[in-house]
Amino acid sequence: MKKFFFLPLILFTFLLTACQEQPMIPAIPAPVVIAVAPYNQPTHDAQLLAGYIPSEQGLASPDDLALYTAILQERLAKTRRHYIFLTSEDLNITIQRDSKDRANVLATWAKIAQDKGADYILVPQILEHEEKYGPGRDVYSPARLISDFYFIKAIHPTTDSKDGFLQARSHYKEISFIRVNASGEDYITPRQHQPIVYFVQESISKMIRDFHLTLQ
């Protein structure tokens, strides 16, 4: 049987409404339980909840993903909500079929949340990953990062369907290029000196704001 993170491109086509992005979501009541998936990187369109995979995709290493997951968990813990931090083993499930008998990645994430008794699941995905290149303070190529965070309700809020509901998406993109100034020298901004982990942390901060996760 096909496993969740090894899906052929022909498995499914999402409903348009399932992939609509909402920039912000209403404040979530404090008692809810939120499952948090580890960082993952789709390499096939069939693994996406929205967007697209860059044609020449830079890949994060397993160590990179583990580091970013640890940073994410540490930052979320400070928001004082009830989280269930998942492992890669929790994601090793067969692709789920939705109520219309279609292979559906949204329903699969919803099923993972349901199995853990969670009300929501937070899914972090990296689409593009390139570390800064250049020795010391030299920068030949700045870091590049495209990532998405998805906030999924395990049970559809109006139909009670177990197919899940994509409630919100927090999109982050940091791609810049070195320019040449009037004197013909490379013009490198302070931001372009930053390693990729700086932008990962920035994307997490943006997501926490977008999803109103911090409790007062």
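Keep in mind the model is a prediction, meaning the values are calculated, not measured.
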(request) Starting from the C-alpha separation in whole Å, work towards a yes-or-no answer on side chain to side chain contact (heavy atoms under 4.5 Å, CB included) for Asp163 and Asn104. (result) CA-CA 8 Å; Asp163 294 347; Asn104 189 323; 5.6 Å; no

(message) Donor-acceptor check, side chain of Gln57 to backbone of Pro42, threshold 3.5 angstrom: yes or no?
(response) yes

(message) Please confirm whether the ring centroid of Tyr68 lies under 6.0 Å from the ring centroid of His129.
(response) yes

(message) Hydrophobic clustering (ILVMFWY, side-chain heavy atoms < 4.5 Å, transitive) - are Ile175 and Leu127 grouped together?
(response) yes

(message) On a heavy-atom basis, which atom in Leu48 and which in Tyr52 lie closest, and how many Å separate them?
(response) CD1-CA, 3.7 Å

(request) Decide yes or no for Glu202 and Arg191: does some side-chain heavy atom of the first lie under 4.5 Å from some side-chain heavy atom of the second? (result) yes

(request) Starting at CD1 of Ile152, measure out to OG1 of Thr108 and round the result to the nearest 0.5 Å. (result) 9.5 Å

(message) Looking at every heavy atom in both Tyr140 and Gly134, which two are closest together, and how far apart are they?
(response) CD1-CA, 4.0 Å

(request) Of all the heavy-atom pairs spanning Leu215 and Arg81, show the shortest one and how long it is. (result) CD2-NH2, 3.5 Å

(request) Inspect the surroundings of NZ in Lys132 and state if more than 12 heavy atoms from other residues, nucleotides or ligands are less than 6.0 Å away. (result) yes

(request) Keeping the roles fixed (side chain from Ser205, backbone from Gln201), state whether a donor-acceptor pair exists under 3.5 Å. (result) yes

(request) Determine whether Val123 and Asn40 make a side-chain contact, defined as any pair of heavy atoms from C-beta on separated by less than 4.5 Å. (result) yes

(message) Can you tell me how the ring of Phe211 sits relative to the ring of Phe151, calling it parallel under 30°, perpendicular over 60° and tilted otherwise?
(response) tilted

(request) Taking Asp98 for its side chain and Ala107 for its backbone only, find out whether a donor-acceptor pair lies under 3.5 Å. (result) no

(message) To the closest 0.5 Å, what do you measure between CD1 (Ile146) and CD1 (Ile53)?
(response) 11.0 Å

(message) Can you tell me how far apart CD (Glu74) and OG1 (Thr69) are? Round to the nearest 0.5 Å.
(response) 13.0 Å

(request) Under the side chain to side chain contact (heavy atoms under 4.5 Å, CB included) rule, what do Asp64 and Val200 come out as? Steps first, then yes or no, please. (result) CA-CA 10 Å; Asp64 290 329; Val200 170; over 6 Å; no

(request) Please check if atom NZ in Lys116 has more than 12 non-hydrogen atoms from other residues, nucleotides or ligands closer than 6.0 Å. (result) no

(request) Kindly give the heavy-atom pair with the smallest separation between Ser203 and Phe149, and that separation in Å. (result) O-CE1, 3.6 Å

(message) For a 4.5 angstrom cut-off between non-hydrogen side-chain atoms, does Leu76 reach Val36?
(response) yes

(request) Find the distance between OG (Ser147) and NZ (Lys173) and round it off to the nearest 0.5 Å. (result) 12.0 Å

(request) Using the rule that two of Ile, Leu, Val, Met, Phe, Trp, Tyr join whenever any of their side-chain heavy atoms come within less than 4.5 Å, decide whether Phe199 and Ile188 are in one cluster. (result) no

(request) With the side chain counted from C-beta on, respond yes when Arg80 and Thr214 share a heavy-atom pair under 4.5 Å apart, and no when they do not. (result) no

(request) Say whether, by atom type as modelled, one donor and one acceptor occur between the side chain of Asp210 and the main chain of Met207 under 3.5 angstrom. (result) no

(request) Give a yes or no on whether Phe177 and Tyr133 share a hydrophobic cluster (residues Ile, Leu, Val, Met, Phe, Trp, Tyr; joining criterion: side-chain heavy atoms under 4.5 Å apart). (result) no

(message) Does any part of the side chain of Phe165, heavy atoms only, come nearer than 4.5 Å to the side chain of Tyr120, both counted from C-beta?
(response) no

List the atom pairs, donor and acceptor, that lie under 3.5 Å between side-chain atoms in residues 153-160 and the rest of the protein, sequence neighbours left out.
| from | atom 1 | to | atom 2 | distance (Å) |
| --- | --- | --- | --- | --- |
| His156 | ND1 | Thr158 | N | 3.2 |
| His156 | ND1 | Thr158 | OG1 | 3.1 |
| His156 | ND1 | Thr159 | N | 3.3 |
| His156 | ND1 | Thr159 | OG1 | 3.4 |
| Thr159 | OG1 | Ser161 | N | 3.2 |

(request) State, yes or no, whether a side-chain contact exists between Val105 and Leu49 at a heavy-atom distance under 4.5 Å. (result) yes

(message) Looking at Asp148, is its backbone amide N or carbonyl O close enough to the side chain of Arg169 to form a donor-acceptor pair, meaning the two atoms are under 3.5 Å apart?
(response) no

(message) Are Ile196 and Val139 connected into the same hydrophobic cluster when the rule is that any two of I, L, V, M, F, W, Y join if their side-chain heavy atoms are below 4.5 Å apart?
(response) no

(request) Check whether any side-chain heavy atom of Ile71 sits under 4.5 Å from a side-chain heavy atom of Ile204, and report yes or no. (result) yes

(message) Using a 3.5 Å distance criterion without hydrogens, assess whether the side chain of Gln41 forms a donor-acceptor pair with backbone atoms of Ala60.
(response) yes

(request) Please confirm whether the backbone N or O of Lys111 pairs with a side-chain atom of Gln96, one donor and one acceptor, at under 3.5 Å? (result) no

(message) Rounded to the nearest 0.5 Å, what separates atom CD1 in Ile121 from atom CG in Leu106?
(response) 10.5 Å

(request) Give the minimum heavy-atom separation between Ile95 and Ala103, together with the two atoms involved. (result) CG1-CB, 4.1 Å

(message) Please enumerate all residues that pass ring pair (Phe, Tyr, Trp, His ring centres under 6.0 Å) together with Tyr198, with sequence neighbours excluded.
(response) none

(message) Membership question, hydrophobic clusters at under 4.5 Å side-chain separation (ILVMFWY): are Val32 and Phe85 in the same one?
(response) yes

(message) To the closest 0.5 Å, what do you measure between OH (Tyr150) and NE2 (His171)?
(response) 8.5 Å

(message) Can you confirm whether Ser176 sits close enough to Glu174 that some side-chain heavy atom of one is under 4.5 Å from a side-chain heavy atom of the other?
(response) yes

(message) Looking at Thr87, is its backbone amide N or carbonyl O close enough to the side chain of Asp90 to form a donor-acceptor pair, meaning the two atoms are under 3.5 Å apart?
(response) yes

